[in-house]
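The figures that follow rest on heavy atoms only: side chains count, while hydrogens, waters and symmetry mates do not. Here the structure is a predicted model, which is why all the values come from computation and not from measurement.
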Amino acid sequence: MSSERITYGPVEGLRAGRYGLGLDMKVTCYRIGGTLIDTGPPNQWRAVRRFVTQQDDEHGIDRVILTHHHEDHAGNAARLQELLDVPVYAPEKSLDRLREGISLETYRWIVWGRPRPVEAEPVPESLTLADGTPLHTLSAPGHSDDMVCYLAPAHELLFAADLYVTRRPEYLRFDEHAPRLIESIHQVLEHDFDAVLCAHRGVVEDGRRALADKVKYMEALCGVVRRRYRYDKLSVPEITDEILGTEGMLYWATGGDFSKHNLIASCLQEVEADASAIVE
Ligand SMILES: [Zn+2]
C-alpha cells in the first residue's frame with residue numbers, strides 16, 4: 001500500500017489506494033485552500049488523515065465537498081467530519097445514499113473498504129475559495145446519477161471526479177449511462193478550463209483536449225453500436241465481441257460489475273428515458 005502527493009498550482013493532491021486484484025485502484029483527493037474535494041477510500045484513512053492534518057501553511061481544511069456517493073470518493077467523509085469538525089457538502093442526490101449507505105459488491109469492499117454513513121449538506125451552486133475566487137458546481141451525471149464536477153475558473157481547473165478517467169473506455173459499470181455521460185462532457189466543455197484533476201488519472205494537463213477526445217470517441221462508438229444493432233440486427237453480445245473483443249481482467253476482477261457488454265448495451269440507452277434498462 002502506498003500513497004503519493006501531487007502539487008499543481010494552488011492544488012495539492014493525495015493519490016492513495018491499493019493494487020487490488022491485479023488492478024491499479026488508486027484514487028486522488030484534492031485540496032485547494034481550505035477546501036478538500038473528495039476523501040479517498042475508507043481503507044486509505046491513515047494516509048488521508050496525514051494529508052489533512054500535516055499541512056504546513058496556516059490554513060487547515062475548513063470544509064469537505066464530495067463529487068458523488070461512491071466509496072472511493074466519499075469513503076472518509078464521516079471520519080473527517082468527526083476529526084476536523086468541519087461541514088461536509090455533497091450533491092443533493094447523494095445525501096440519502098451517504099446517510100443510509102449502499103450495498104456494495106464484494107470486490108468494492110475488498111478494494112476500497114466500507115464507508116461509514118455521513119450526514120452531509122447540499123453543496124451550493126457556487127462556493128468561494130480561500131483566495132476569494134469562486135468554485136462552481138457543475139452537474140455531470142452518467143458515471144453515476146448524482147455526480148458533479150467542480151470548476152475553479154480563476155485557475156482554469158476542473159475537478160472532474162470520474163468524468164474523464166480514460167480517453168477510450170472499454171468497460172462500463174452496470175449503473176453507468178453512456179449517452180448521459182456524453183451529454184455531461186459536452187456541458188462541462190462549455191466552461192473555461194485547461195487542466196483536469198481526475199480522481200483516477202491525477203493531473204491531466206491537456207484535460208480539455210482529453211475530454212473532447214473522449215466524447216468524440218464515445219459518440220463514434222455509440223453511432224456504430226446503434227447501426228449494428230438497429231440496421232444489421234446484431235445482438236449486444238455480437239457487437240461487443242466485434243468491437244471490443246472478449247471480456248478482460250476488469251470483468252473477472254469485479255464479478256462482471258465492469259464489463260465491455262455494459263458499455264455496448266449502454267450505447268443503446270436514451271438520455272430521456274429515466275429507467276435505465278439495459279438491452280440484452
Ligand atoms: Zn465513482
Answer yes when [X] and [Y] have at least one side-chain N-carboxylate O distance shorter than 4.0 Å, and no when they do not.
| X | Y | value |
| --- | --- | --- |
| Arg228 | Asp241 | no |
| Asp96 | Arg99 | yes |
| Glu247 | Lys260 | no |

Closest non-hydrogen atom pair between His136 and Pro153, with its separation:
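Minimum heavy-atom separation between His136 and Pro153: CD2-CG, 3.7 Å.
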At their closest point, which heavy atom of Phe159 faces which heavy atom of Tyr30, and how far apart are they?
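Here Phe159 and Tyr30 meet closest at CE2-CB, 3.6 Å.
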Using modelled atom types only, decide if a donor and an acceptor are shared between the side chain of Gln269 and the backbone of Arg180 within a distance under 3.5 Å.
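Looks like no, no N/O pair under 3.5 Å.
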Does Ser3 use its side chain to pair, donor to acceptor, with the backbone of Ala16 at less than 3.5 Å?
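Not a single qualifying donor-acceptor pair exists.
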Please examine the side chains of [Y] and [X], heavy atoms only from C-beta on, and report whether any two atoms are closer than 4.5 Å.
| X | Y | answer |
| --- | --- | --- |
| Arg63 | Tyr89 | yes |
| Leu197 | Ile37 | no |
| Trp45 | Leu83 | yes |
| Leu221 | Arg168 | no |

Mind checking whether His143 and His68 have parallel, tilted or perpendicular rings, split at 30° and 60°?
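His143 and His68: perpendicular rings.
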Would Asp162 and His73 count as a side chain to side chain contact (heavy atoms under 4.5 Å, CB included) if you check the C-alpha gap in whole Å, the side-chain angles of each, and the deciding distance to 0.1 Å?
CA-CA 10 Å; Asp162 291 341; His73 298 256; 3.0 Å; yes
Start with the C-alpha distance between His200 and Val27, add both sets of side-chain angles, then the distance that settles side chain to side chain contact (heavy atoms under 4.5 Å, CB included), and finish with yes or no.
CA-CA 5 Å; His200 294 279; Val27 192; 3.9 Å; yes
Do Gln187 and Ser184 have side-chain atoms, one donor and one acceptor, less than 3.5 Å apart?
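Checked: Gln187/Ser184 side chains show no N/O donor-acceptor pair below 3.5 Å.
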